[in-house]
Number of protein chains: 2
Amino acid sequence: MTTPVLTKNQGLVFDVLTRAEGPLSAYTILDKLRDQGFRAPLQVYRALDKLLEYGVVHRLESINSFVACAHPHENCHSHGLVAFAICESCGQVIEFHDHEVDHRLMDWLKSQKFKAEKSTIEIRGHCANCAA
Amino acid sequence: MTTPVLTKNQGLVFDVLTRAEGPLSAYTILDKLRDQGFRAPLQVYRALDKLLEYGVVHRLESINSFVACAHPHENCHSHGLVAFAICESCGQVIEFHDHEVDHRLMDWLKSQKFKAEKSTIEIRGHCANCAA
DNA sequence: ATCGCACACGTTATAGCATAACGCAATTGA
DNA sequence: TCAATTGCGTTATGCTATAACGTGTGCGAT
Ligand SMILES: [Zn+2]
Ligand SMILES: [Zn+2]
Ligand SMILES: [Zn+2]
Ligand SMILES: [Zn+2]
């Protein structure tokens, strides 16, 4: 379950995300990589697919964007649900995990005999700096 | 905080969603309403905006779709977080609320001085009927 | 060695989701 | 009556994501 060596394109996309202040859309990533030879969206999406699979990047469904995992050394796939607080002013994202929320949701799903596969927990609002 | 009388377009969109088995995309709704005179996506999106504002429809961010609220008589805006379990086989959606999850997340956000405004909790997987 | 396969990559085209910007009509309330 | 608000219709455009096709490279099995 360790992350394979990244290919050239995967590495470029990962570097852009790692250096970014906040989440980026696929097309923003594409623009930032034009100088390195990127020409088409698929080059970005294919790299993102792998990075998501490896668990080193997360997708933020509510804003159609991607962000580097905040816990590069652990493996985010292994510790259950991941939640995000997304500031609508500055774009910053706080990633966090909570086992109680995790267990509570999982218990409920089990009671419904629902087999969970992917989860999305995203809270939009304003961070400490940006709140009035 | 009661729901205003719906306009013609809002009513048509709401009826389509209420009769649907599961969530629908805006363009699917548009197709279902062509016979009633709908011609352009904006007619759907504008109605959806209002229905979302009134809390009688929810948006499922992870599948770019919309679903009628499962609790038509209560007001979903009033009882905190809403969560959805979405079956990837049959498309069915189970909507539920859990105050413990709610409080736990809100406490965490408060500890970060993060002002929450909108939330998304969506679990994709397979429902009891569709699970192998 | 060479064949077959898996995988990454490049390119073009297309599909799917959402909004900008304009103008018109009906309603409301000062 | 006038101004402001709201809903509506239309055209055009922008943003997000994938289909489909072909190329090249590495690598194990025959
Ligand atoms: Zn992570
Ligand atoms: Zn902020
Ligand atoms: Zn609801
Ligand atoms: Zn199902």
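Throughout, protein chains are lettered first and strands after them, A, B, ... in sequence-line order, and every chain is numbered starting at 1.
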Could you check how far CG of L12(B) sits from P of dG7(D), rounded to whole Å? 15 Å
Ring pair (Phe, Tyr, Trp, His ring centres under 6.0 Å) with H97(B): which of H71(B), H103(B), H58(B)? H71(B)
Return yes when atom CD of E117(B) has more than 12 non-hydrogen atoms of other residues, nucleotides or ligands closer than 6.0 Å, and no otherwise. yes
Main-chain N/O of E61(B) paired to E122(B) side chain as donor or acceptor, under 3.5 Å: yes
Under 4.5 Å between any side-chain heavy atoms of L105(A) and F96(B), yes or no? yes
Strictly under 4.0 angstrom, non-hydrogen atoms only: write out the protein contact profile of nucleotides 7-19 of chain C, one letter per nucleotide from the 5' end, B, S or -. -SBBBB----BBB
Is there side-chain contact between Y54(B) and Q10(B), with at least one heavy-atom pair below 4.5 Å? yes
Compute whether any side-chain donor of one residue and acceptor of the other, for T120(B) and R124(A), lie under 3.5 angstrom apart. yes
Without decimals, in angstroms, what is the distance between E61(B) CD and dT16(D) P? 14 Å
Partner residues of R104(A) under the side-chain hydrogen bond (donor to acceptor under 3.5 Å, both in side chains) criterion, sequence neighbours left out: D98(B), E100(B)
Between Q112(A) (side chain) and L109(A) (backbone), is there a donor-acceptor pair under 3.5 Å? no
Where along nucleotides 24-29 of chain C does protein come under 4.0 Å, by heavy atom, of base (B) or sugar-phosphate alone (S), with - for untouched nucleotides? ------
